[in-house]
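For reference, the structure is listed below as structure tokens.
The first residue in the sequence is number 1, and the count goes up from there.
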Amino acid sequence: MSDTDSFIDEVTEEVRRDRLYLLLRRWGWVGVVAVVLIVGGAAFNEYRKARDTSQAQKLGDDILAALAENDTAARVAGLEQVDVLTPGGEAVRNMLLSASQLDADSRQDAVDSLNAVAVQGDLPEIYRAIASFKALLLQSDTMPAADRRQQFEALAVPGAPLRLLAQEQLALIDIAEGEVDAALERLQALRQDAEVSVDLQQRAAQLIVALGAEPEPLVAQQG
């Protein structure tokens, strides 16, 4: 019986090996492809990281070279010629470009550069809000108050990153239009906001005093 059992075991083992061999012949390429994909994917990720690092370094070098120009016109021209390949790089270039254009007395060009960042939908909201806010400040003497009010109100909605600074600008528009009571109400509320900075709180208090009123006592914030 032992010889018979041994023979059966050997036959069974041979059958298993034959089946495994057939499976490898039929499906072995799947494993090869999987290995190739894993190795290829890792290699591509390393290549992409190296490429992104190289592009960032080149962008930084090009921007620094442009900013090193002493002549404002040459600085503007240099920044305009910087080659940008990413949305973030374009936003940085345009923000710096707007500052140089302002130095060169090209206010409208500076506004256009900032607005280009403000409408760049693939940027984080904070960067778009900063660009829009700065563009509005540059147009304080040229844009109708009603238009500036509308855009500052959009920046002052709850949860917006620059809502308190926008509220301050809205109070200034109220004052310019003779709406003193509205300005005072806005400034008093601004001082009481839980997220207000000390500097903004002090500016609001100074405006309230300048308008002939008294700042309301600050309510202790629960923290």
Side-chain angles (χ1 to χ4, degrees), residues 63 67 72 87-223:
I63 286 177
L67 292 176
T72 54
E90 184 178 5
V92 170
R93 191 276 309 272
N94 283 338
M95 294 284 278
L96 294 171
L97 176 60
S98 70
S100 295
Q101 289 167 332
L102 193 59
D103 290 340
D105 294 327
S106 299
R107 182 176 294 266
Q108 186 55 51
D109 290 337
V111 170
D112 292 341
S113 295
L114 289 169
N115 283 333
V117 178
V119 299
Q120 201 170 333
D122 45 7
L123 285 178
E125 182 185 5
I126 180 63
Y127 300 116
R128 290 184 281 115
I130 290 173
S132 180
F133 186 86
K134 293 179 67 174
L136 287 171
L137 292 182
L138 291 180
Q139 299 173 91
S140 58
D141 297 330
T142 57
M143 179 182 287
D147 294 340
R148 284 190 295 119
R149 179 184 293 277
Q150 183 179 24
Q151 294 193 41
F152 276 124
E153 285 176 346
L155 293 174
V157 297
L162 300 183
R163 65 180 183 86
L164 296 179
L165 291 174
Q167 287 287 359
E168 180 185 30
Q169 293 301 313
L170 288 169
L172 293 175
I173 294 175
D174 289 336
I175 295 170
E177 294 184 332
E179 301 290 340
V180 176
D181 291 341
L184 287 172
E185 182 179 356
R186 197 185 298 274
L187 291 168
Q188 297 285 14
L190 180 61
R191 292 185 69 247
Q192 303 292 344
D193 194 285
E195 298 178 359
V196 68
S197 67
V198 174
D199 289 342
L200 182 52
Q201 199 174 61
Q202 291 176 347
R203 290 203 305 271
Q206 291 168 356
L207 273 174
I208 291 170
V209 172
L211 292 173
E214 288 292 330
E216 296 176 356
L218 294 176
V219 177
Q221 302 295 338
Q222 300 295 325

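- Residue pairs satisfying the ring-ring contact (aromatic ring centres under 6.0 Å, His included) criterion with at least one member in residues 144-185, sequence neighbours excluded, are listed as follows: F133-F152.
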Only distances under 3.5 Å count here; give the side-chain donor-acceptor pairs of residues 154-166 to other protein atoms, sequence neighbours excluded, each with its distance to 0.1 Å.
residue : atom : partner : partner atom : Å
R163    : NH1  : D193    : OD2          : 3.1
R163    : NH2  : D193    : OD1          : 3.0
R163    : NH2  : D193    : OD2          : 3.1
R163    : NH2  : E195    : OE1          : 3.2

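- For R191 against A205, the heavy-atom pair with the smallest separation is NE-CB, 3.6 Å.
- By the side chain to side chain donor-acceptor pair (under 3.5 Å) test, S113 pairs with Q101, sequence neighbours left out.
- Taking the salt bridge (charged side-chain N to carboxylate O under 4.0 Å, His left out) definition, one finds that E179 meets it with nothing, sequence neighbours left out.
- Scanning for salt bridge (charged side-chain N to carboxylate O under 4.0 Å, His left out) contacts around E90 gives an empty result, with sequence neighbours left out.
- Nearest heavy-atom pair, V117 versus A91, reported as atom, atom and distance to 0.1 Å: CG2-O, 3.9 Å.
- Within the structure, no pair that satisfies the side chain to side chain donor-acceptor pair (under 3.5 Å) test touches residues 138-148, not counting sequence neighbours.
- The side-chain heavy atoms of D109 and L97, taken from C-beta on, include no pair separated by under 4.5 Å.
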Could you list the donor-acceptor pairs under 3.5 angstrom formed by side chains in residues 181-189, with sequence neighbours left out?
residue : atom : partner : partner atom : Å
R186    : NE   : D174    : OD2          : 3.1
R186    : NH1  : Q167    : OE1          : 2.8
R186    : NH2  : D174    : OD2          : 3.4
Q188    : OE1  : E216    : N            : 3.0
Q188    : NE2  : E214    : O            : 3.0

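- Residue pairs that meet the salt bridge (charged side-chain N to carboxylate O under 4.0 Å, His left out) test with at least one member in residues 96-107, sequence neighbours left out, are R75-D103.
- Screening residues 187-217 for ring-ring contact (aromatic ring centres under 6.0 Å, His included), with sequence neighbours left out, gives no hits.
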Can you give me every donor-acceptor pair (side chain of residues 121-128, partner residue at least two apart or in another chain, under 3.5 Å) with its distance?
residue : atom : partner : partner atom : Å
R128    : NE   : L123    : O            : 3.1

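- A distance of 7.0 Å separates CD in Q120 from CG in N94, rounded to the nearest 0.5 Å.
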